[in-house]
Amino acid sequence: MTERRKSEEKAGFTSGLTPLQRMEIDACTLCGECLRNCPVQAVTNRPEISPPEKIRMFREFIKGTEGLKSRLFGPGRPDRRLLEDFTKALFECTTCGACGQNCTVGIFTQRLWPMLRKEMVKKGLGPIGPQADMPEAVRTTGNPYKKPAEERYSPWFPEDVGVSAKADIAYYAGCTGAYEAQPMVRGDVGVLGRIGEPFTMLPPEDEVCCGFPLFITGQHEMLEDLTKRLVGAYKSRGVKVLVCSCPCCVNIMARDWPVFYGKELPFKIRHITQFVADSIRAGRVAIKKELKERIIYHDPCYLSRGAGIIEEPRAVLRSIPGVELLEFDLHGSNSRCCGAGGAARKVFHENAIAMARLTIDEAVEKKADKLILSCPACYAKVNEAMEGYDKKVQIVDIMELVAGLI
Amino acid sequence: MGIFLSISVYAVYLYFGLRLISHALIWFRASGGLVTAGVPRAKSTCSTRAVMLLDVFSFRRLFEVDTPLWFGSWTFHLCFFLVAMSHLRYFLEPVPGCIACVQPFGIAAGYVLPLSLLYILTVRLAAGRKRYVSYSNYFILILILLISVSGIMLRLFFRPDLIGIKAFIIGMLGFSPGVLPESPAFLVHFILLLLLVPYLPFHIFTAPLVTMEARRRDDALRTVMHD
Ligand code: SF4
Ligand code: SF4
């Protein structure tokens, strides 16, 4: 066992948690109310991987290593089997935060689960499966998909849109959009081009991962470096507003980049729907073509619950002439995860597909002509879930839709 | 018996105190305040603080998630508080006016308490296995039910020598335990209560703080991307 691992074992299970997070672990009343909002529960029906059970197990680890008995008589070794069960339950979660939104006490689970994952990574128990390859992939290629930088923009970037070397506005495409949801980023750039304000982008080899997949899987070593590289690059281009369409990127940029950067960011972070809604309001762009269809909008967990962006996508969609906007039963800050969250979609593939199909089912049931998404991970997963499924609805990204109607 | 009971009380409370200190060390080991990195903080105005307290005392979050359970849970906590307050008269001499004032409410709450627990049990059992079952919660619930029923028995059927009991308790608090009055029913009530202390969940200390922070976080969510 390495010296580092030994010292980490000694550090117990809470060294990376804030006092509030440690209190949150003790604050859970084990009431189980959050289970009915958990999408993983909806498709697995296994209370043993539920939020209160995860908290109960984690309490056992704390008790064994930092509790009264261990203080008086020395720390014990947590049961290996329990540790493995806990780690699996923790990584099977999509970190969607619906449990926290409906927690009777108010535990911020969207933040707590990733921090507990970090603790398990420190113990050498996580991450799971291909998640473990991500740091190396980001280190060598700049993205978690191990795709070459030359292919980051070229397959989808519209030829008629120009990018400035320096500008007040910058656009960050993000790895998932650029490699796995290209109609979405193509739509983003198309709309930005129509708005007509000059915007800049980093060269593909400099637009590295925002750090979110590493953050969410508890692998935090590179986060400071990635943040400083990206923030420095945008700063040198004179950027005042950084626009991005991926909710996960937006989340880490707005909430965590200042922490890793060490101070306030020199620019504001805006989700593309905010930027476009503002532009529509200011008359810089208008959606002219009519769309006589019923459309249903799915709130991505990290956009609605994570960043509080609920109204802007709806404002953009409502500005489409002729459109009828429907809502999911669970929408806004109560939205149900489509299954793509928490970097679990590649490991617990069946869960993710089943969750995505719940979204498709409801859209079909509500007779929507189009299911509108605004997250590249949702886009990739819901499209995948549609393959071989008997229920069908047309899946469109919000900017893909808008770009075609301006 | 009095000495034995007193030693048990000291042991139980010592254990509880040490457990609490050990948890407090875990809670506050890091140097940071009650802030989660990456979470913006909203300004705490007087009105937000008032709303935060209202969230805690009204169990608003539970109300929004499960109103039938909220009804039982809120009633239970209120009754438990009133009963605990009215029991302070056995620990204090002279009895402060405010404690004396609580007496009629404490007595009424003593009757409602087991009913609220039965109601909670019914709501929970009706929810069935669809939800999470915490056996430790059921254990505590049944223990408090037994304590409250034994308390009602003492009041209605087996009235003990209250003056003797108070002398015994005050003696115990002053570390000079006296003779325990003869009353098997009181003994049952007292031992059940002693059994409860080590199992008291720590959410009673931390949940209010977490609930207050949740309100602050909800308020701050607006500033994450809308500053
Ligand atoms: S974060 Fe989402 S998936 Fe994870 S336990 Fe909570 S509700 Fe379930
Ligand atoms: S609702 Fe909150 S307090 Fe209740 S079990 Fe879930 S996480 Fe714990």
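Side chains are part of it too, since the values below use all heavy atoms of this structure and drop only hydrogens, waters and symmetry mates. The chains referred to below are lettered A, B, ... by the order of the sequence lines, with proteins before strands, and numbering in each begins at 1.
- For B:M85, the CE atom is densely surrounded, since the number of other residues' heavy atoms within 6.0 Å is greater than 12.
- The two atoms that bring B:Y132 and A:S50 nearest to each other are CD1-OG, 3.7 Å, heavy atoms only.
- At a heavy-atom separation below 4.5 angstrom, chain B is approached by A:K268, A:I269, A:R270, A:H271 within residues 262-271 of chain A.
- When atom types are taken as modelled, the side chain of B:R215 and the backbone of A:G106 share no donor-acceptor pair closer than 3.5 angstrom.
- In this structure, B:V65 and A:R36 approach most closely via the heavy-atom pair O-NH2, 2.9 Å.
- At a threshold of 4.5 Å between non-hydrogen side-chain atoms, the residues B:H226 and A:I309 count as touching.
- Contact of B:S136 with chain A is made through the side chain alone, with heavy-atom distances under 4.5 Å.
- Heavy atoms from other residues, nucleotides or ligands lying under 6.0 Å from OH of B:Y199 number 12 at most.
- For chain A, the option among B:E64, B:H23, B:R19 with the highest count of heavy-atom pairs below 4.5 Å is B:H23.
- A donor-acceptor distance shorter than 3.5 angstrom exists from the side chain of B:T211 to the backbone of A:V105, with no hydrogens or angles considered.
- For a residue to count as touching a neighbouring chain, one of its non-hydrogen atoms must lie under 4.5 Å from one of that chain's; by this rule A:P52 touches chain B with backbone and side chain alike.
- Using a 4.5 Å cut-off between heavy atoms, B:I204 makes no contact with chain A at all.
- The contact between B:N137 and chain A is made entirely by side chain atoms (from C-beta outward), counting heavy-atom distances below 4.5 Å.
- Rounded to the nearest 0.5 Å, atoms CD1 (B:I26) and CG (A:D26) are 7.0 Å apart.
- Note: A:C31 leads A:C28, A:P258, A:G306, A:C31 in heavy-atom pairs under 4.5 Å with chain B.
- Proximity to chain B (any heavy atom under 4.5 Å) is restricted, for A:R56, to the side chain, taken from C-beta onward.
- A 4.5 Å side-chain heavy-atom check between A:L30 and B:H203 finds every atom pair outside the cut-off.
- Taking each heavy atom of B:R217 and A:E24 in turn, the nearest pair found is NH1-OE2, 4.1 Å.
- Within a 6.0 Å radius of OH in B:Y10, more than 12 heavy atoms belonging to other residues, nucleotides or ligands are found.
- The number of heavy atoms from other shown groups lying within 6.0 Å of CZ (B:F71) does not exceed 12.
- For B:F59, no part lies near chain A; criterion is any non-hydrogen pair under 4.5 Å.
- For A:Q110, no part lies under 4.5 angstrom from a heavy atom of chain B.
- Your options are A:C103, A:G32, A:A27, A:S70, and the one with the most heavy-atom pairs under 4.5 Å with chain B is A:A27.
- Heavy atoms of other residues, nucleotides or ligands lying less than 6.0 angstrom from OH of B:Y13 number 12 at most.
- Proximity to chain B is absent for every atom of A:E48, based on heavy atoms less than 4.5 angstrom apart.
- Within a 6.0 Å radius of OH in B:Y119, other residues, nucleotides and ligands contribute more than 12 heavy atoms.
- Note that the CG atom of B:L18 and the NZ atom of A:K69 stand 15.0 Å from one another [nearest 0.5 Å].
- Atom CD1 of A:I107 is separated from atom CD of B:E213 by 13.0 Å, given to the nearest 0.5 angstrom.
- Looking only at distances, no side-chain donor or acceptor of A:E33 sits under 3.5 Å from a matching main-chain atom of B:L69.
- Atom OH of A:Y261 has more than 12 heavy atoms from other residues, nucleotides or ligands within 6.0 Å.
- Heavy atoms closer than 4.5 Å to chain B are found in both the backbone and the side chain of A:T29.
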